[in-house]
Amino acid sequence: MRSDDATEAPAEPLLRSCVSTASMKVKNMKKGHFPRLAECAHFHYETVDFGNVQLAFAEGQSEGPKAGLDSKELVFIVQITCQSRNWLVKRSYEDFRVLDKHLHLCIYDRRYSQLSEIPRFDTLKDTTESVSTMLTNYLSRFSAIADNKINCGPVLTWMEIDNKGNHLLVSEEASINVPAIAAAHVTKRYTAQATDELTFEVGDIVSVIDMPPKEDTGWWRGKHGFQVGFFPCDCVELINEKIPPSVQNSVPKPGTLYWSPFGCLCVGSFSVCKKHGKLVTFLRSFMKSRPPPQKLRQRGILRERVFGCDLGEYLHNSGHEVPQVVKSCAEFIEKIGVVDGIYRLSGISSNIQKLRHEFDSEQIPDLSRDVFRQDIHSVGSLCKLYFRELPNPLLTYQLYDRFSEAVSAATDEERLLKIHDVIQQLPPPHYRTLEFLMRHLSRLATFSSITNMHTKNLAIVWAPNLLRSRQIESACFSGTAAFMEVRIQSVVVEFILNNTEPLFSPKLSAALRENSGGSCKSHSVSKRKLKRHPSEPNEIKSIALPGQLARKPPALVLKNVLPLPSL
């Protein structure tokens, strides 16, 4: 975090150690650095709002690729531009592979991103100039699509950017986060002579970070407000139990509550450390040896939530292709849950909460127990509850307007192509889960004569759980706006349900990619009649695109469907 009035630091100091020119002042000072990308915990921001990001290699970079180096030594300087601000970051070839991995694990499908996978360095036979050209093209394409869909923490960390578009001046191991080992009051005014030094007045309080013996150097390093820097040690005096008169009024009494300059509520106390001792060494080693959350999760100490957790984050940590709760509920309902009103009627609340607790405890409950066989609707209610509590809906906040625009297309053919295009923009975890759920609901719709739940009914009960507008939710709109949202939700979900097979067909995706040079109107979907009412049979005969062979998906025939009463 940084204060609103903090000025943007110049680009050059970001590329060097925080010690800077003062490395001559303190011997053997440990250099601060940005957290290693491979060790950053994998998480997703719930909200992202920074617009677009531009990435490009810095002009005249001093550290370019050199022949004979390995991938770790091959370092590039990348300029990041966001919200009219820019900064530089150092990234190796392996760092680029990490970026590519997370981008296509959590954010983009390669069919949409059109970014080729960055190969392993030991498989390259090209010159270093060719490698630079390849990465330049990669950054150019990435800049063209990088927007608010990027909520993956490691990707934003790679660019040193937070979810609001601010430069991450404070990283996990940044100097401002280094715990102080002593407190001192200023006895002699000092004005900074360099950019990495502190300026303070007599009576100010300074938190001391590094305090080498005076026989080694006359410089200490500390924190004063939001600034971190060096200062002459003879300008301060350590605070001990005997409070100096000059700071008698500024130092809080023991046990009293006060707000620190960093916005934290603290309790007044006077712990003293006059020199590096065993206790300080132990505390520092203890704090630095804390295992990161990733290792705690691997050891089973830290457990992730299932309900209310970001879909991509949950699937990454659990290793599943689709959420286990969705898979278990769908299989159970298809096996013994084809009953009247499935997904429309609600189950018993206590049974729903019992199932939720078991899934949240990383258990796979036995749904064949009598309590759930007698209350099948609790399983359906639980499945809908999972999607309703996702921080970012299955069809994502970022794509709501595009779904709304696509479903408003003039013709069924154009609507099919536009909806298909928007679905391709879903993050891979969302795409896989959507395909699994839609195929499940499509199979269930074939039993509408038993369940009275044809595609229109299924769309109405499922739509609010899958597609939502952040703007309408945050503004608490009602009346016309809320009614329009409900209408858009149901129309989009019903269209996807009625066209699950072609929308998720690899052949259709390949055909559209080959013909991506033309507009949507240049494609033709022939011999096709999209269902306009759930009581009409699905008469999908074939899909023909320029230069492609027609394909014939299985027909979905619905019989004896009861129409949904008008709302």
Side-chain angles (χ1 to χ4, degrees), residues 43-44 46 106 151 303-337 339 341-369 371-372 375-397 399-400 423 426-444 453 457-470 473 489-490 492-493 496-497 500:
F43 69 97
H44 288 182
E46 291 191 6
C106 304
N151 65 341
R303 295 183 176 181
E304 293 293 336
R305 298 174 298 167
V306 174
F307 286 79
C309 180
D310 179 88
L311 180 60
E313 184 178 343
Y314 165 72
L315 292 180
H316 177 272
N317 295 329
S318 64
H320 298 306
E321 288 293 309
V322 297
Q324 183 62 48
V325 58
V326 177
K327 185 177 180 181
S328 297
C329 292
E331 292 175 350
F332 173 78
I333 289 175
E334 291 182 17
K335 184 177 180 180
I336 63 174
V339 299
I342 189 65
Y343 286 129
R344 187 181 76 240
L345 302 177
S346 180
I348 300 174
S349 178
S350 59
N351 290 338
I352 298 173
Q353 294 303 320
K354 183 185 300 183
L355 282 174
R356 172 176 179 161
H357 175 73
E358 292 185 12
F359 277 110
D360 264 334
S361 301
E362 297 183 351
Q363 302 175 15
I364 302 179
D366 182 11
L367 298 178
S368 63
R369 286 177 288 179
V371 62
F372 302 123
D375 184 22
I376 292 176
H377 296 297
S378 65
V379 179
S381 298
L382 181 80
C383 191
K384 291 191 297 181
L385 177 65
Y386 174 79
F387 288 100
R388 187 163 62 249
E389 293 196 356
L390 286 178
N392 195 11
L394 184 63
L395 298 180
T396 73
Y397 287 124
L399 295 178
Y400 177 86
I423 288 178
L426 287 170
H430 289 246
Y431 181 92
R432 295 193 306 267
T433 305
L434 177 66
E435 180 180 7
F436 180 88
L437 179 64
M438 291 298 106
R439 293 190 183 279
H440 160 65
L441 295 179
S442 295
R443 288 191 294 268
L444 201 61
M453 295 297 291
N457 275 353
L458 288 170
I460 289 176
V461 299
W462 269 98
N465 306 304
L466 305 180
L467 180 64
R468 303 194 299 272
S469 167
R470 186 191 299 276
E473 285 183 347
Q489 291 169 341
S490 59
V492 170
V493 175
I496 297 176
L497 271 175
T500 297

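All values below come from the heavy atoms of this structure, side chains included, with hydrogens, waters and symmetry mates left out. Computed from a predicted model, the values in this text were never measured in an experiment.
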Taking distance alone, no hydrogens or angles, what donor-acceptor pairs closer than 3.5 Å link side-chain atoms of residues 383-390 to residues at least two apart or in another chain?
residue	atom	partner	partner atom	Å
Lys384	NZ	Tyr343	O	2.6
Arg388	NH1	Asn465	OD1	3.2
Glu389	OE1	Arg356	NH1	3.2
Glu389	OE1	Arg356	NH2	2.9
Glu389	OE2	Arg356	NH1	2.8

Return all side-chain donor-acceptor pairs below 3.5 angstrom for residues 345-354, not counting sequence neighbours, or 'none' if the list is empty.
residue	atom	partner	partner atom	Å
Asn351	ND2	Asp375	OD2	2.9

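For the pair Val326 and His440, the minimum side-chain heavy-atom distance is 4.5 Å or more. Residues Val493 and Leu441 form no side-chain contact, since every pair of their non-hydrogen atoms from C-beta on lies 4.5 Å or further apart. The shortest side-chain heavy-atom distance between Ile376 and Phe332 falls under the 4.5 Å cut-off. Side-chain contact check for Pro323 versus Val306: every heavy-atom pair is 4.5 Å or farther apart. A heavy-atom distance below 4.5 Å is not found between the side chains of Arg344 and His377. Leu395 places none of its side-chain heavy atoms less than 4.5 Å from the side chain of Tyr400. Side-chain atoms of Leu444 and Met453, non-hydrogen and from C-beta on, never get closer than 4.5 Å to each other.
To the nearest 0.5 Å, atom CG of residue Leu497 and atom CG of residue Leu458 are 6.5 Å apart. Taking OG1 from Thr433 and CD from Glu321, the interatomic distance works out to 9.0 Å, rounded to the nearest 0.5 Å. With values rounded to the nearest 0.5 angstrom, Ile423 atom CD1 is found 13.5 Å from His430 atom NE2. In this structure, NE2 on His357 lies 12.0 Å from CZ on Phe307, to the nearest 0.5 angstrom. Between the OG atom in Ser490 and the CG atom in Asn457 there is a gap of 11.0 Å [rounded to 0.5 Å]. If you take CG on Leu315 and SG on Cys106, they are separated by 9.5 Å, rounding to the nearest 0.5 Å.
For residues 322-336, every residue pair satisfying the salt bridge (charged side-chain N to carboxylate O under 4.0 Å, His left out) rule, not counting sequence neighbours, is listed here: Glu334-Arg443.
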side-chain contact (heavy atoms from CB on, under 4.5 Å) assessment of Tyr314 paired with His44: CA-CA 10 Å; Tyr314 165 72; His44 288 182; over 6 Å; no
Chi angles and distances behind the side-chain contact (heavy atoms from CB on, under 4.5 Å) call for Leu437, Leu466: CA-CA 10 Å; Leu437 179 64; Leu466 305 180; 3.8 Å; yes
Residue pair Leu355, Leu367: steps toward the side-chain contact (heavy atoms from CB on, under 4.5 Å) verdict: CA-CA 9 Å; Leu355 282 174; Leu367 298 178; 3.5 Å; yes
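When every heavy atom of Leu311 is checked against every heavy atom of Pro429, the shortest pair comes out as CD2-O, 3.8 Å.
In Ile336, the CD1 atom is crowded: over 12 heavy atoms of neighbouring residues, nucleotides or ligands sit closer than 6.0 Å.
Judged by distance alone, the side chain of Glu313 and the main-chain N or O of Phe43 form no donor-acceptor pair under 3.5 Å. Looking at Asn392, its side chain never comes within 3.5 Å of a backbone N or O of Asp310 through a donor-acceptor pair.
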